[in-house]
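In what follows, every heavy atom counts, from backbone to side chain, and hydrogens, waters and symmetry copies are set aside.
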Amino acid sequence: MATTLLARFREVLRLRHYSYRTEGVYVGWVRRYIRYCGGRHPRELGAREIGEFLSWLARERRVSAATQNQALAALLFLYRDVLGVGVSDIGVTARARSPERVPVVLTREEVRRVLGKLDGVPRIVAMLLYGSGLRLMEALALRVKDVDFGRGEVVVRRGKGAKDRVTVLPVGVQAVLQRHLVKVQALHERDLAAGRGTVELPGAFARKSPAASREWAWQWVFPAARTSVDRETGEVRRLHLHPSAVQRAVAAAVRAARIGKRASCHTFRHSFATHLLERGSDIRTVQELLGHRDVATTMVYTHVLGRGAGGVRSPLDG
């Protein structure tokens, strides 16, 4: 039962063009839900069981509100889009309220120190996270054709919310990125000579233009060091670099730079937005560069403008 249901679940996710990353996360939550309910089919369950599962996650597993809401999103997709049970039919399930946290932001000097402790590919990726405001997976999923050196632009394909957007390609990263791509192209040519060199293509494009999988323009900017077997086609090909490789390098660089903040890869994106606003960039422009749907999301970065909290001068400094 579970195997058939999960196969159908994966099929619908792919029909709706969800990413493989989201697919894996959602399938994992459905598996946990079925195990929690003793292996019963979800059709036999409803709002009460969903509520109990979410409460168990919060109470026993102590997951964050964001993780709890992620589990809820997976289950609502299961009922609404796979089983054909409307949201109203399973009742109103309250979403966990995420705490409103101020994002961690590095100063320009702190960014310089962290970048100085990085080298190789992780350093180039980090430069794009800070210089272009990319999310980590957006940077790793870049293809050669998405980097326009002539226009100084980076095109983000199917970012968060399945939206495309254009952001800036910093002058400071262009030379090192071009040298990196020379090495990547040489690697691609060796793969072609060995009878490999294909890359995963998006959606139906793989069926319309299968030969494009070998073209240089479609290759990953940051390919993995090792080849792997594609789970669907059985072809030996390179995926893009795994995010953990960059995450570990950035964590080590933050420690080596003696930064007393809980900084991560995403902190570079926060710093990108904050520093643009500090330099007088229009908040709507920053919103477009970040790909935020609502300007209210971008407004969170205005907390650092001016001196101190909200630009207020402490009476101690008077």
Side-chain angles (χ1 to χ4, degrees), residues 19-21 114-159 164-203 205-206 209-250 252-253 265-266 268-269 272:
S19 69
Y20 282 141
R21 188 180 179 89
V114 174
L115 291 178
K117 297 297 182 180
L118 289 166
D119 55 20
V121 173
R123 185 173 190 272
I124 302 173
V125 175
M127 291 173 75
L128 284 173
L129 300 183
Y130 174 64
S132 303
L134 303 180
R135 299 176 178 91
L136 177 56
M137 287 305 299
E138 291 173 345
L140 298 182
L142 287 176
R143 300 179 190 262
V144 173
K145 67 182 183 62
D146 297 329
V147 181
D148 190 333
F149 290 98
R151 296 178 61 87
E153 294 177 346
V154 174
V155 181
V156 178
R157 309 285 182 184
R158 293 185 58 81
D164 291 359
R165 75 178 190 278
V166 177
T167 186
V168 60
L169 175 64
V171 174
V173 76
Q174 291 187 21
V176 68
L177 185 56
Q178 285 175 326
R179 290 194 296 270
H180 165 75
L181 287 175
V182 169
K183 297 177 183 177
V184 174
Q185 188 167 21
L187 175 64
H188 175 55
E189 290 172 355
R190 290 198 297 271
D191 284 345
L192 289 175
R196 299 191 295 266
T198 62
V199 70
E200 175 194 337
L201 297 175
F205 187 70
S209 303
S213 66
R214 287 181 168 81
E215 294 177 5
W216 167 237
W218 283 96
Q219 303 306 306
W220 304 115
V221 172
F222 302 108
R226 299 178 180 178
T227 57
S228 57
V229 179
D230 185 272
R231 61 182 179 179
E232 291 187 357
T233 65
E235 290 185 80
V236 178
R237 55 174 48 155
R238 291 185 191 275
L239 301 175
H240 58 65
L241 187 66
H242 196 275
S244 63
V246 182
Q247 290 166 338
R248 287 194 298 266
V250 168
C265 290
H266 207 65
F268 287 117
R269 176 174 160 89
F272 164 84

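The CG atom of Leu192 lies 10.0 Å from the CD atom of Gln185; values are rounded to the nearest 0.5 Å. The NZ atom of Lys145 sits 13.5 Å away from atom CH2 of Trp216, with the distance rounded to the nearest 0.5 Å. One distance of note links CZ of Arg123 with NZ of Lys117; it measures 12.5 Å at 0.5 Å rounding. The line from CG of Asp191 to CZ of Arg214 is 11.0 Å long, rounded to the nearest 0.5 Å. Rounding to the nearest 0.5 Å gives a distance of 6.0 Å between CZ of Arg269 and CD of Glu138.
Here the side chains of Leu187 and Arg238 are in contact, with some heavy-atom distance below 4.5 Å. Side-chain atoms of His240 and Arg143, non-hydrogen and from C-beta on, never get closer than 4.5 Å to each other. Side-chain contact between Val250 and Phe268 is present, with heavy atoms from C-beta onward closer than 4.5 Å. With contacts defined as side-chain heavy-atom distances shorter than 4.5 Å, the pair Leu241/Trp220 does not qualify. With contacts defined as side-chain heavy-atom distances shorter than 4.5 Å, the pair Arg196/Arg237 does not qualify. Two residues are said to be in side-chain contact when any heavy atoms from C-beta on lie closer than 4.5 Å; Leu201 and Val199 meet this criterion. Side-chain contact check for Val147 versus Leu169: some heavy-atom pair is nearer than 4.5 Å.
When atom types are taken as modelled, the side chain of Gln219 and the backbone of Glu215 share a donor-acceptor pair closer than 3.5 angstrom. A side-chain donor-acceptor contact under 3.5 Å links His180 to the backbone of Val221.
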*Given side chain to side chain contact (heavy atoms under 4.5 Å, CB included), test Gln174 with Val171 step by step and report yes or no.*
CA-CA 5 Å; Gln174 291 187 21; Val171 174; 4.3 Å; yes
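When all heavy atoms are compared, the tightest approach of Leu129 to Phe272 is O-CB, 4.3 Å. The two residues Ala126 and Leu115 make their nearest non-hydrogen contact at CB-CD2, 3.7 Å. Between Gly131 and Val168, the closest heavy-atom pair is O-CG1, 3.4 Å. The two atoms that bring Cys265 and Leu136 nearest to each other are SG-CD2, 4.1 Å, heavy atoms only. Nearest heavy-atom pair across Val176 and Val173 is CG1-O, 3.2 Å. Taking every heavy atom of both residues into account, Ser132 and Thr167 meet most closely at O-OG1, 2.9 Å.
Here the rule is side-chain contact (heavy atoms from CB on, under 4.5 Å) with Leu142, and of Val155, Val125, Val154 only Val154 fits it.
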